[in-house]
Student: 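The structure is given below, and queries will be raised subsequently.
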Amino acid sequence: DADEKANANLVEKYIVENDVMIFSKSWCPYCTKVKDALRSAKIEFYSIELDKMGRDLSLFKLLIYIFIYYLAEGDQIQNALINKTEQDTVPNIFIKQQHIGGCDKTLEALKSGRVATLLNPPESEKKHKKVENDDLDSYDYDLIVIGGGSGGLACSKEARSFEKKVCVLDFVKPTPIGTTWGLGGTCVNVGCIPKKLMHQASLIGEYVHDSVDYGWSQLDQARQHSWSKMIESIQQYIRSLNFKYRVDLRSKGVTYENSYGEFLSPHRLKLTDKKGKTKEITGEKIVVAVGGRPKYPDIEGDQQYGITSDDLFSLKYDPGKTIVVGASYVALECAGFLHGIGREVQIFVRSILLRGFDQQMASKIGDYMSTIGMKFHYQRIPTRLECLEEGKPGKLRLHYRQTLESGEIEESYEDCNTVLFAIGREACTNELNLDKIGIEVNKANGFKIKTKEEQSIDIPWLYAIGDCIDEQTMPPGQPLELTPVAIQAGQLLAKRMFSNSTIKMDYYNVPTTVFTPIEYGAIGYSEEDALSKFGEDNIEIFHSEFVPLEWSICHHRDQVKTMSYCKLIVDKNTDRVIGFHVLSPNAGEITQGYALGMRLGATKNDFDMTIGIHPTCAENLTTLSVTKSSGDSAAQEGC
Ligand code: FAD
């Protein structure tokens with residue numbers, strides 16, 4: 001209503017007019033503390049005492065408030081602040097119009113130098129580069145989103161909820177062997193969804209083995225897997241999702257163009273549909289959400305005979321004996337489920353497994369996968385892919401160079417039916433004409449667009465979200481190319497662009513899971529990153545090996561029974577858990593639950609005081625007492 005709007009405007013006015021703005025209450029010790037800290041740092045600020053507004057004012061001040069701002073009661077201002085920041089406490093602090101938070105966050109920002117940087121930004125960050133503007137009086141759309149994947153769809157629908165005119169473009173360029181798919185981006189078509197379903201297919205194969213010791217007879221003898229049936233079920237489900245997304249856009253009033261977009265000028269895009277028909281549209285704001293695609297190794301025959309994850313999930317024929325090249329999470333997940341459904345799999349690894357993840361956990365995953373029968377070949381680099389026999393699948397020969405333990409280099413080859421390249425991904429920014437409009441990409445980081453808080457560093461009306469961004473506020477070393485990250489960043493960005501929201505994406509403590517045959521869930525710091533950031537003396541690691549109860553009576557699991565493992569990395573000074581790692585069945589479900597605790601700043605004591613659910617794998621994280629530094633065995637005894 002009108003009052004609410006007036007209060008929101010008043011809050012905006014305070015924030016815009018004052019470099020350091022504190023919404024405070026006169027009796028609050030934290031407000032006093034933060035003001036004292038700013039005074040000692042010789043930083044000027046402006047504060048208003050919400051408990052005194054509209055009540056304790058002198059007649060003169062009251063008249064001025066009535067005259068200028070209606071009668072703004074402190075409580076109403078606080079409500080406007082809650083709407084804007086989702087923070088319901090004081091002090092509530094803004095610096096150079098950026099929301100900092102309360103007392104602790106401001107003191108932290110003072111300590112880290114962030115306050116000083118905000119007040120005196122370095123020359124490079126002061127303003128956006130001057131970019132030739134189109135100088136349009138009006139635009140076809142308030143917002144154009146390039147890319148209808150996880151981030152783009154979320155952003156466009158959220159923007160539409162503010163009554164904005166929104167257009168989303170989505171176009172899939174076929175892979176070298178001609179695979180293509182529908183609306184929804186990587187996650188739905190060639191990522192999370194088919195991957196998790198294939199992972200499930202492989203787990204079911206394991207349960208069939210388990211069934212013998214649980215008293216079922218002959219289930220395991222019927223153990224046969226049909227690739228084409230699995231693909232048919234999964235693809236049918238994906239098509240239903242593609243349809244649902246199209247209907248959803250239409251019912252929400254978002255214009256959907258099944259066309260490839262590229263920039264002609266900063267606000268103008270050229271759209272090309274699959275028949276080659278072109279048209280131009282303009283947008284006041286533009287969000288780039290183009291995601292990424294798998295890389296090829298750039299060797300002879302790679303694109304002609306090899307496939308990537310973009311092809312695998314809809315492959316019309318059984319891949320047969322497969323060589324997976326790479327050690328990314330995509331490589332290990334695909335290798336894992338192919339092995340689980342009974343295909344022979346070999347993995348060619350250039351150097352280490354799961355770069356960027358905790359390396360102790362990565363090597364435990366490698367040990368598990370080797371124990372259940374997958375062959376890893378380290379230091380093997382493919383040099384040429386040759387077709388020996390056409391067919392579906394045909395016969396391929398992968399030539400490689402391998403550095404042997406002796407240091408000698410061996411040139412050899414391995415024959416197989418399918419070669420799957422999973423050596424990393426690159427952002428789809430190459431053909432957007434970004435250089436022509438003054439946007440820089442980071443070539444060293446997969447051609448991603450340089451952003452700060454999802455806004456392009458170069459052009460103020462251009463934003464980017466999801467897998468295609470090189471985001472300055474992301475913590476180093478954490479895997480953040482994830483669907484929920486793209487969705488949340490897209491929704492928050494739309495709110496910031498089109499409402500008064502200042503809430504930013506928090507890239508810290510993002511939980512993730514690698515769906516290898518034994519799942520690995522992680523939140524926060526890896527052991528390596530924690531050691532280098534906090535130092536050995538300041539962290540303690542609690543860990544345990546455990547046997548999942550459901551495996552304990554299964555003889556075919558004998559060799560892997562004790563391979564489940566969890567560890568918590570704890571900051572000794574604050575007792576806060578800064579790293580969470582679990583390798584176990586259902587680690588994805590376990591990790592999601594604990595992510596809330598990590599986000600709320602859980603301490604080791606909080607974990608210890610949490611009552612476990614017995615008997616589960618997750619309960620092991622509530623009873624960790626053995627530290628790594630003690631050197632005691634992490635193996636668990638008894639129940
Ligand atoms: P995308 O979803 O890739 O969408 C971008 C869209 O833009 C695509 O449809 C693309 O075709 C289109 N496009 C590109 N250029 C243009 C253009 N110029 N014009 C028009 N359209 C264009 N994440 C998880 O959270 N959990 C998982 O388990 C998981 N598993 C994965 C497994 C695999 C095999 C892969 C490859 C990824 C997985 N991911 C997972 C990652 C997740 O899929 C991505 O992080 C997420 O899809 C990124 O969303 P996005 O919106 O940034 O891009």
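The model shown is predicted, which means the values in this text are computed figures rather than measured ones. Counting convention: from 1, in listed order, for ligands and their atoms alike.
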Student: Return the option from Gly191, Ala489, Pro194, Gly490 holding the heavy atom at the smallest distance from atom 32 (C) of ligand 1.
Tutor: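 That would be Gly191.
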Student: Can you figure out which of Ala289, Gly147, Pro511, Gly185 has its heavy atom closest to atom 5 (C) of ligand 1?
Tutor: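 Among Ala289, Gly147, Pro511, Gly185, the closest heavy atom to atom 5 (C) of ligand 1 belongs to Ala289.
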Student: Determine whether the side chains of Glu519 and Thr513 contain a donor N or O and an acceptor N or O closer than 3.5 Å.
Tutor: no
Student: Give me the nearest non-hydrogen protein atom to atom 42 (C) of ligand 1 as residue plus atom name, then the distance to 0.1 Å.
Tutor: Thr483 OG1, 3.5 Å
Student: Return the residue, atom name and 0.1 Å-rounded distance of the protein heavy atom closest to atom 40 (C) of ligand 1.
Tutor: Cys192 SG, 3.1 Å
Student: Does NZ or CZ of Lys195 come closer than 6.0 Å to the centre of the six-membered ring of Phe337, within 45° of the ring's axis?
Tutor: no
Student: Which of the numbered atoms in ligand 1 are below 4.0 angstrom from a heavy atom of Leu432?
Tutor: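 Result: 18 (N).
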Student: Tell me the protein heavy atom at minimum distance from atom 38 (C) of ligand 1, and give that distance in Å.
Tutor: Tyr329 OH, 3.1 Å
Student: When you check the side-chain N and O atoms of Asn242 and Asn189, is any donor under 3.5 Å from an acceptor?
Tutor: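 Distance-only check passes for Asn242 and Asn189.
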Student: To the nearest 0.1 Å, how far is atom 13 (N) of ligand 1 from its closest protein heavy atom, and which atom is that?
Tutor: Phe171 O, 3.6 Å
Student: Looking only at protein heavy atoms, identify the closest one to atom 51 (O) of ligand 1 and say how far it is in Å.
Tutor: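 The closest heavy atom on the protein side is Gly151 N, 2.8 Å.
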Student: Mark up the atoms of ligand 1 that fall under 4.0 Å of a heavy atom belonging to Lys195, in ascending order.
Tutor: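 Matching atoms, with element in brackets: 27 (C), 28 (O), 29 (C), 30 (N), 31 (C), 32 (C).
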Student: Tell me whether the rings of Phe498 and Phe162 are parallel (<30°), tilted (30 to 60°) or perpendicular (>60°).
Tutor: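 Aromatic pair Phe498/Phe162 classed tilted.
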Student: Determine yes or no for a side-chain-to-main-chain donor-acceptor pair under 3.5 angstrom, with Arg350 supplying the side chain and Val325 the backbone.
Tutor: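 Absent.
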Student: Are side-chain N/O atoms of Asp310 and Thr179 paired as donor and acceptor at under 3.5 Å?
Tutor: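 No, because no side-chain N or O of Asp310 sits under 3.5 Å from a partner of the opposite role on Thr179.
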Student: Is any side-chain N of the basic residue among Asp506 and Arg599 closer than 4.0 Å to the acidic one's carboxylate O?
Tutor: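 Here Asp506 pairs with Arg599 in a salt bridge, since their nearest N and O are under 4.0 Å apart.
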Student: Below the 3.5 angstrom mark, is there an N/O of Leu482, backbone or side chain, next to an N/O of ligand 1?
Tutor: yes
Student: For the pair His377 and Phe348, name the ring-plane relationship: parallel under 30°, tilted 30 to 60°, perpendicular over 60°.
Tutor: perpendicular
Student: Hey, is ligand 1 close enough to Ser309 that some N/O pair sits below 3.5 Å?
Tutor: no
Student: Does Ala486, backbone or side chain, put an N or O under 3.5 Å from an N or O of ligand 1?
Tutor: no
Student: Numbering the atoms of ligand 1 from 1, which are under 4.0 Å from a heavy atom of Val330?
Tutor: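 Those qualifying, in numeric order: 33 (C), 34 (C).
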Student: Are Val190 and ligand 1 in contact, using a heavy-atom cut-off of under 4.0 Å?
Tutor: yes
Student: Counting heavy atoms not belonging to Gln488, are there more than 12 under 6.0 Å from its CD?
Tutor: no
Student: Rounded at 0.5 Å granularity, tell me how far CG in Leu169 sits from CD1 in Ile281.
Tutor: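 Separation between the atoms: 5.0 Å.
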Student: Just jot down the ligand 1 atoms closer than 4.0 angstrom to any heavy atom of Pro484, in number order.
Tutor: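 Listed by number with element, the hits are 25 (O).
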Student: Enumerate the atoms of ligand 1 whose separation from the nearest heavy atom of Ser259 is less than 4.0 angstrom.
Tutor: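 Contacts of ligand 1 toward Ser259, numbered from 1: 19 (N), 20 (C).
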Student: Any nitrogen or oxygen of Asp170, main chain or side chain, under 3.5 Å from a nitrogen or oxygen of ligand 1?
Tutor: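 Yes; at least one N/O pair falls below 3.5 Å.
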Student: Show the numbers, then the answer: is there a side-chain contact (heavy atoms from CB on, under 4.5 Å) between Thr175 and Arg293?
Tutor: CA-CA 9 Å; Thr175 68; Arg293 296 288 288 266; 3.7 Å; yes
Student: For atom 3 (O) of ligand 1, what's the nearest protein heavy-atom neighbour? Residue, atom name and distance, please.
Tutor: Thr186 OG1, 2.5 Å
Student: Which atoms of ligand 1 are found less than 4.0 Å from any heavy atom of Gly466?
Tutor: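 In order of numbering, the contacting atoms are 52 (O).
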Student: For atom 52 (O) of ligand 1, what is the nearest protein heavy atom, given as residue, atom name and distance?
Tutor: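 Sorting protein heavy atoms by distance from atom 52 (O) of ligand 1 puts Asp467 N, 2.8 Å first.
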Student: What are the atoms of ligand 1, with element, lying closer than 4.0 Å to any heavy atom of Arg425?
Tutor: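 Taking each heavy atom of Arg425 in turn, ligand 1 has 36 (C) under 4.0 Å.
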Student: Can you confirm whether more than 12 heavy atoms, excluding those of Phe243, are under 6.0 Å from its CZ atom?
Tutor: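 No, CZ of Phe243 has 12 or fewer neighbouring heavy atoms, counting only those of other groups under 6.0 Å.
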Student: Give me the nearest non-hydrogen protein atom to atom 53 (O) of ligand 1 as residue plus atom name, then the distance to 0.1 Å.
Tutor: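 Heavy-atom neighbour on the protein nearest atom 53 (O) of ligand 1: Gly291 CA, 3.3 Å.
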Student: Which ligand 1 atoms does Val172 reach within 4.0 Å, using its non-hydrogen atoms?
Tutor: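 Ligand 1 atoms under the 4.0 Å threshold to Val172: 11 (O).
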Student: Under 4.0 Å, heavy-atom basis, I'd like to know which part of Glu431 is in contact with ligand 1: side chain, backbone, both or neither.
Tutor: neither
Student: Side chains of Thr483 and Ser150: donor-acceptor distance under 3.5 Å anywhere?
Tutor: yes
Student: Fit a plane to each ring of His267 and Tyr139, take the angle between them on a 0 to 90° scale, and name the class: parallel (under 30°), tilted (30 to 60°) or perpendicular (over 60°).
Tutor: tilted
